[in-house]
*Asks:* 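First the structure, which I've put down as structure tokens, then a few questions once you've had a look.
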Amino acid sequence: MRLPCPICGPRDSREFIYRGTALDRPAPDAGTEAWEEYLHLRDNPAGPIREFWYHHAGCTAWIEVTRNTATHEISDAVLAGGEGAA
Amino acid sequence: MRVKDRGRIDRESRIAFTFDGARYEGHPGDTLASALLANDVRMVGRSFKYHRPRGILTAGSAEPNALVTVGRGAEASPNERATMVELAEGLAVTSQNRWPSLGFDVLSVNDMAARFLGSGFYYKTFMWPRSFWEKVYEPAIRRAAGLGALSGQHDPADTEKGFLFCDLLVIGAGPAGLMAALVAGEAGADVILADEGFAPGGQLTGEVEDIAGQPAHAWAESTWAKLNAMPNVRCMSRTTVTGAYDQGTFGALERFPEGRGPRECFWRIAAKRSVLAAGALERAIAFRNNDRPGIMTAGAVRAYLNRWGVSSGRAVTVFANNDDAHRTARDLVAAGVSVAAVLDSRHDAPKSPDFEVIRGAQVCNTAGRKRLESVTYRTSKGEQSLMTDCLAISGGWNPAVHLTCHMNSRPVWRDDLLAFVPAPGAVPGLIPAGACNGVFATAACLADGASAAKTALRELGMTSPDVDLPDAGADAGRISPLWAVPGKGRSWLDFQNDVTVKDVKQAAQENFQSVEHMKRYTTQGMATDQGKMSNVTALAVLADATGRAIPETGTTTFRPPFSPVSIAAMGAGGRGQSFAPQRFMTSHAATVERGAPMIEAGLWYRPTYFPAPGETHWRQACDREVRYVRNAVGVADVSTLGKIDIQGPGAAALLDFVYTGLFSSLKEGRVRYGLMLREDGHVMDDGTTARLGENHYLMTTTTAAAGEVMRHLDFAKQVLRRDLDVATISVTEQWAQFAVAGPKSRDLLEDLLGTSLGGWPFMSCGPVKVGGVDGRLFRISFSGEQGWEIAVPARFGASLFDALVAKAEAIDGGMYGMEALNVLRIEKGFLTHAELHGRTTAFDLGMGRMISAKKDCIGKVMAARPGLVANSRAQLVGLKPVGEVQQLVSGAHLFREGARISPENDQGYVTSVCYSPTLGHMIGLAFLERGPDRMGDRIRMVDRTKDIETLCEVVSPVFFDPDGGRARA
Amino acid sequence: MRFSAARILKEGLTGNRGWRPHWRSPEPKPDYDIIIVGGGGHGLATAYYLARTHGLTNIAVLEKGYLGGGNVGRNTTIVRANYAMPGNTEFYSHSLKLWEGLEQDLNYNVMHSQRGVINLFHSDGQRDYAVRRANAMLIQGDDAIILDRDGVRRMLPYLDHDNARFPIYGGLYHPRGGTARHDAVAWGFARGADMRGVDLIQNCEVTGIDIEHGRVTGVQTTRGPIRAKKIGLAAAGRSSQVAAMAGLRLPIESNILQAFVTEGLKPVIDNVVTFGMGHFYISQSDKGGLVFGGDLDYYASYAARGNLPAAEHVMEAGMALMPMIGKAKVLRSWGGIVDMTPDGSPIIDKAPVDGLYLNCGWCYGGFKATPGSGHTFAHLIATDTPHEAAAGLRLDRFASGIGLMDEEGTGSQHNLH
Amino acid sequence: MLDLTAKTPCDGLLPVSHGPFTLTEIVPKALTSIAPFKGQAGAVSDTLQSAHGITLPSIGGATGNGSVQAIWFGQGQYLLTGPAPDGLDGIAAVTDQTDAWATVRLDGHEAAEVLARLVPVDMRPAMFPDGTSVRTLLGHMTVSITREGEGYRIMAFRSMAVTLVHEIAGAMEAVAQRL
């Protein structure tokens, strides 16, 4: 598998570490249910998902990849922090 | 035997080799298979289950029968396909799966008992008595099973791996592949052309036909040479592309049978586009006793003749359902080999003036145990026999669709071709061309290859050159279906695994009607060829048995690798110390010189203890080193701890966010202990963090978690707290850092630094000059004694270590290792990964109050889940033996006195133990249910692995100097 | 038809014409008491024990593909009960006891081979945890032996004892652990369930779960609607999709776990060996193939195939641990879709919909659980109370934090196992 | 008076040569990581330009040569070789990395073939020309590789110097044996 790092370009997946579904962290007072959703419950679709990868052996950016879990096709990859690559 | 004026071997040179001890000769250009056939060796192996005599079936990588062991001793490589082994001087080859010899094999009795050994027989018996499975049945089955043997010695093979990149990967150097590479090469694309053989041309290497007015093999060779001369084309012979993976990644195995250097290289190829030109594999026909030595595929008989100048028999018979196989008879007759007849199942088969064609004929039996003697065939006129020592069979050709299945695509059936072809878009970016795409005539293959390359170039945004297609044969031949000849007896499908038509029918009868069920029940297609020779035929038999058409019966799938790959090749670099990087401290050489046994700490090596003259046991050294620290001064290299430099206006806020405690309130020049949680509320790591400046902190992590913490900080700052302006970078490697601990530590350092340290309180830090070098000093303690850590740029580490040790030894101290370090910290109840084992919470560790109520931090919300703060949880305590037995054991469990030893009564476990030379007895840290409420209680420590039971008192985990006065002194 | 040596003899002598289907291929009935979604090992075992232990036979197992086509046919065949965490310890202990009588119970030889499992450790810290784990096993009543260096060297002389990057300190030996013929386990349970009247329905994909007034009433399938009073989900890697049909989100991410097999070789590895530092485990099948695997590919996937980095890492670890396997050749690699929970341990529990029951989250350890899972899930479905051996496998443990079972100590959030 | 002596990371390990390939140690005078604070990259570049005559390189690039060089070193991070930078207080995080890295240089015709055994990035001269720099893997180590003239400058963690040399030298030998 090769991931299109928005900074480094396409790289072998062995340079990356996976974190899983990209979700927004709830506010501390968002309540038990929101936190349960964030930490544990997943749609886990057989299809496109957005997920976090860490380019640990490259630029050390966290990136957000849109990847199809059924085919491994990758349709998008952006910096997890949004804009501002350097 | 060799035939005159045929083949492209070097007859002038001879190569000697042995097979089962007998000496033979062959020539450069031979494979082991061609050389054996040239020497008239027919029987080369025994089948898996029935131990039937077997000869060479094919001339390629799908060979299921001719598996041999090549080499001796630790170099012996089992299950090598004789058809793929290049002949080399002194090659020592032995047959397999027979005892005592290939000619006389005791287990050939299995063949006699075949009627009792049909599909799945083992699922139905061997169940009584129960204990007999492991003791009797299974050992017998295991001994009988398997083909070749591993030597049992460490594999001495030198192997390597590598990465390649290209615009276009062309897989296979037959007509389609060569043409594709030529077009792409001339377009200036970056091309890799890989072929599994050692001569280019694929199927052309064994055929008599012309391309561009020259012999096809000569065209292939000259085209290959032309490509090889292009700087933008990498031609790789002896290279099997083994698997197709995501985003254009391929695995490929390159072999280097000759010369020095590694023998195999496993390549990972990243290709923007690829052309699959893997050709096609000829299939057999199932009929009674179709497995005898001397029965071969028609294409193989032709290849042995045309490429290697070997006649596979004295009187050859051809049995086929297609035109293509007639070329075998044609070529044999032209070479002067006798052709007994061509038996063609079709009533409209073409006739030939050169050999007899018997139309509408089907072979229904054969004779000859160790080599074929005769065949019996059936026509409308009845059954007749022919004396023949070689039967060339062809049931048609299966496109080599294998790689197109590696990403889950299923091939599609084409009734006109009687074959499966790749589904469109099977592998993103991969374009099948030529025979693997169901295009069989040579001219069409050339055109298909060129067209595939043009498609790839267009997709890559490159311009295709004008390339003329060379003239070539345009006849693809006709075929009519014939899968299995009906009749009694056993007709083989999977030759190696001994799966017959009857087995497939029985499987269907027992309702194993799904292809996958049939395959798994009969083991069809699970041999070393992975069904390349037999799957389609078996599918046709299953379709027939279940009254379904082939496409609705299904397809089997193919998975990587395309052909077998040694573990040594894919695992190259894993041997010995190469398995993972080694990390050495700057004090390593000095430490090893002192005789310290080193242990692995993550990737690092650290000293366990430093033996002194006269000491006979590690405990003596450990006790001595503990006393250095408690009574004088000890020195230890602590450079392995992770160190992260954190700078920027957002530094304090980042630390507040990742630690449970507050760090924004830490004063400059001071150090604070921090506890870091995962978002799930469990403790992830701990360490001290120093504030070096207003916007500048230095965090330390445990040795093992340094990388994980760095990633965690990056996640926090890049994803969760993008509002913060903060930079982080590891400085673990920049600084060599040494702990100097003990009542005399200040004396040592003042002497070393030539300055007073009176103004440095506990948990302070700051810059110092160390012999003129800019260093850092931290007053922190992991021993409970007055302690310091002194850091200098790593290039001075070795030098500083030597200086520290010399000074320590001059004042009755010295170096201490991990054992002493562990004792010192257990005596103080300090934690390591034994306690921070990933399942513990701040609450469990008695640090619940360290989670600041004033702010959010990672893990705070989930740490408050009821289950994570329940008083019934096992919590940190100290243990002190109070009975006759004084032994404590890490990993032992805890029970109330008098309670039965059962899971319900299990109350906790011991994490760390040591003998405390300071206290004069063993001490331990443990997690005990409601531990903090049970101080002074008695508890039973039980280790059932060594049958040790120790009565303990539950005590505070801080065994020594509970008010911490010594560290602050 | 009862299987025996005598039956094989009789059939052999009469042309093997009398063999009958191991199971029927019935048309689905409109109505069942219980529907099990998923005809893999766990689903088939559940149906079997519902019939055998609870006498319930108006049951259908719905399988979208072919029986045993999921992870029960794709694993590395290891059977063991060597867990440290309460919840897991008693469950796998229960499962191993069922294995020990399984063949006679099923009248099907699943080739359960108690050849011993050895988990190697490579540091003092790993040894301490192995001792803790061994004690948990022994206290549970299972078997465990801590081997020192010499003990491992005697048992496994072929390991690289002298030049390993991570030297072998010893091993946790579990003599009753071993392997079984994976497909046969599915087929044995299928045949046993079928014989007791359970309808095994293949090529029948569930496309919807009908719920009325908070209670399940049946399923929609590619072969039409089927009513049921109770529905048990045993869909392994596909659990999230099936549960979504009932409006549930599960604490599961589906990942890929690859496995590998070599060509048949004469006996050379007699036990199951696990490398504690390199994510590698291996055994040799009765056919002679070396069957081995390692860590997950580490990304969400339903593709049932992996990529090279994970495969190479497994082979490198194999070469590091036992260089004698270098000349063995890999014939086939494949991937299973594993249903990973945050803490790496499974779930057998009632769903928050009446009549719906969950059996999922088996991560990379479902095969050994097959009889235990079927037995305890059947108990839950039949009695509406959890079986005592599976009482710890609760769905709500993530929300509550009570009884998390993080065997590896890597955390109880996703993608850490 | 204490007199500390310095040791280089590859002390006693290099040089090594096999066939046409040589591997030598480079000991930079100073290595400094520079991470501009938010919105300050331009100011940092200007400061470097006026103080040292080089600008910040773009992603995957290198600027300067000889005595002063800056390479791209990761997201928002640069590594300055040569002088310790002045004038970056408040606009960038500046960290001394002089002792953190083992730096080696690989030379020899077709040295890219050596790196092809180790590095999952295309190192062929045409694809990785002079003035380019990557962060990637070499074996199982994270490294920085910069093309410098005909050679490659490779940096790995100092503590991994033994493995770095072992891996590269092994690949040099394997490739050289076949030439």
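A, B, ... follow the sequence lines: proteins, then strands. Residue 1 opens every chain.
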*Asks:* Work out which heavy atom in F796(B) is nearest to a heavy atom in A6(D); give both atom names and the distance.
*Replies:* CE2-CB, 3.7 Å
*Asks:* Please state whether the side chain, the backbone, both or neither of E160(B) comes within less than 4.5 Å of a heavy atom of chain D.
*Replies:*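 The side chain, not the backbone.
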*Asks:* Enter the distance from M160(D):CE to Q582(B):CD here, rounded to the nearest 0.5 Å.
*Replies:*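 These two atoms lie 10.5 Å from each other.
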*Asks:* Out of S799(B), G162(B), G771(B), return the one with the most heavy atom pairs under 4.5 angstrom to chain D.
*Replies:* S799(B)
*Asks:* Ignoring hydrogens and geometry, is there a side-chain-to-backbone donor-acceptor pair from R795(B) to T98(D) under 3.5 Å?
*Replies:* no
*Asks:* May I ask you to check whether over 12 heavy atoms, not counting those of E150(D), lie within 6.0 Å of atom CD?
*Replies:* no
*Asks:* Is any side-chain heavy atom of V731(B) closer than 4.5 Å to a side-chain heavy atom of Q97(D)?
*Replies:*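 Yes, close enough: below the 4.5 Å cut-off.
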*Asks:* Between V770(B), L164(B), V792(B), who has the most heavy-atom pairs with chain D when the cutoff is under 4.5 Å?
*Replies:*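 Of V770(B), L164(B), V792(B), V770(B) has the most heavy-atom pairs under 4.5 Å with chain D.
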*Asks:* Could you name the residues of residues 79-87 of chain D that have a heavy atom within less than 4.5 Å of a heavy atom in chain B?
*Replies:* none
*Asks:* Is D122(D) reaching over with its side chain to a backbone N or O of F165(B), donor-acceptor style, under 3.5 angstrom?
*Replies:*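 Checking the backbone N and O of F165(B) against the side chain of D122(D), no donor-acceptor pair under 3.5 Å is found.
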*Asks:* Suppose we screen for salt bridge (charged side-chain N to carboxylate O under 4.0 Å, His left out). Which residues come up paired with D774(B), at least two apart in sequence or across chains?
*Replies:* K769(B)
*Asks:* Tell me, out of I729(B), T728(B), T586(B), N695(B), who's got the most heavy-atom pairs with chain D below 4.5 Å.
*Replies:* I729(B)
*Asks:* Measure the shortest side-chain to side-chain distance between V162(D) and R583(B) over non-hydrogen atoms and say whether it is less than 4.5 angstrom.
*Replies:*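 Not in contact.
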*Asks:* Is it the case that the side chain of E733(B) and the backbone of R158(D) share a donor-acceptor pair, with hydrogens and angles ignored and the cut-off at 3.5 Å?
*Replies:* yes
*Asks:* Let me know if D11(D) has heavy atoms under 4.5 Å from chain B in its side chain, its backbone, both or neither.
*Replies:* neither
*Asks:* Counting only non-hydrogen atoms closer than 4.5 Å, does F579(B) touch chain D with its backbone (N, CA, C, O), its side chain (CB onward), both, or neither?
*Replies:* backbone
*Asks:* Given that the side chain runs from C-beta out, which part of T8(D) has a heavy atom under 4.5 Å from chain B: side chain, backbone, both or neither?
*Replies:*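 The answer is neither part of T8(D).
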*Asks:* Tell me, for D3(D) versus chain B, whether the close heavy atoms (under 4.5 Å) come from the side chain, the backbone, both or neither.
*Replies:* backbone
*Asks:* Below 4.5 Å from any heavy atom of chain D, which atoms of D645(B) appear? Answer side chain, backbone, both or neither.
*Replies:*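 When you check distances to chain D, only side chain atoms of D645(B) fall under 4.5 Å.
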*Asks:* Side chain, backbone, both or neither: which part of L724(B) has a heavy atom under 4.5 Å from chain D?
*Replies:*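 Contact with chain D involves the backbone of L724(B) alone.
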*Asks:* So, for A116(D) and W267(B), which heavy atoms are closest and what is the spacing to 0.1 Å?
*Replies:* O-CZ3, 4.2 Å
*Asks:* Under 4.5 Å between any side-chain heavy atoms of M123(D) and F163(B), yes or no?
*Replies:* no
*Asks:* Would you indicate whether the side-chain heavy atoms of Q734(B) and T95(D) approach each other to under 4.5 Å?
*Replies:*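 No, every pair of side-chain atoms sits at 4.5 Å or beyond.
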*Asks:* In terms of heavy-atom proximity below 4.5 Å to chain D, should S730(B) be classed as side chain, backbone, both, or neither?
*Replies:*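 Interface part for S730(B): backbone (N, CA, C, O).
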*Asks:* Which one of T732(B), L603(B), V726(B), D190(B) has the most heavy-atom pairs closer than 4.5 Å to chain D?
*Replies:*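 Most pairs with chain D among the choices: D190(B).
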*Asks:* Just wondering, do S578(B) and H166(D) contact through their side chains at under 4.5 Å, heavy atoms?
*Replies:*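 Yes, their side chains come closer than 4.5 Å.
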*Asks:* Looking only at heavy atoms and a cut-off of under 4.5 Å, which of M127(D), H140(D), M141(D), R124(D) has the most pairs with chain B?
*Replies:* R124(D)
*Asks:* Which residues, numbered in order, of residues 102-113 of chain D come under 4.5 angstrom of chain B by heavy-atom distance?
*Replies:* E113(D)
*Asks:* Highest number of heavy-atom pairs under 4.5 Å with chain B: which of V121(D), L118(D), L164(D)?
*Replies:* V121(D)
*Asks:* Could you tell me which portion of L4(D) (side chain, backbone, both or neither) has an atom closer than 4.5 angstrom to a non-hydrogen atom of chain B?
*Replies:* both
*Asks:* Between S159(D) (side chain) and M585(B) (backbone), is there a donor-acceptor pair under 3.5 Å?
*Replies:* no
*Asks:* Rounded at 0.5 Å granularity, tell me how far OG1 in T163(D) sits from CD in Q577(B).
*Replies:*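 Reported to 0.5 Å precision, the distance equals 9.0 Å.
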*Asks:* Side chain, backbone, both or neither: which part of W735(B) has an atom under 4.5 Å from a heavy atom of chain D?
*Replies:* neither
*Asks:* Heavy-atom count around K38(D) NZ within 6.0 Å, excluding the residue itself: above 12?
*Replies:* yes
*Asks:* Could you list which of residues 172-179 of chain D have a heavy atom closer than 4.5 Å to any heavy atom of chain B, in residue-number order?
*Replies:* A174(D), Q177(D), R178(D)
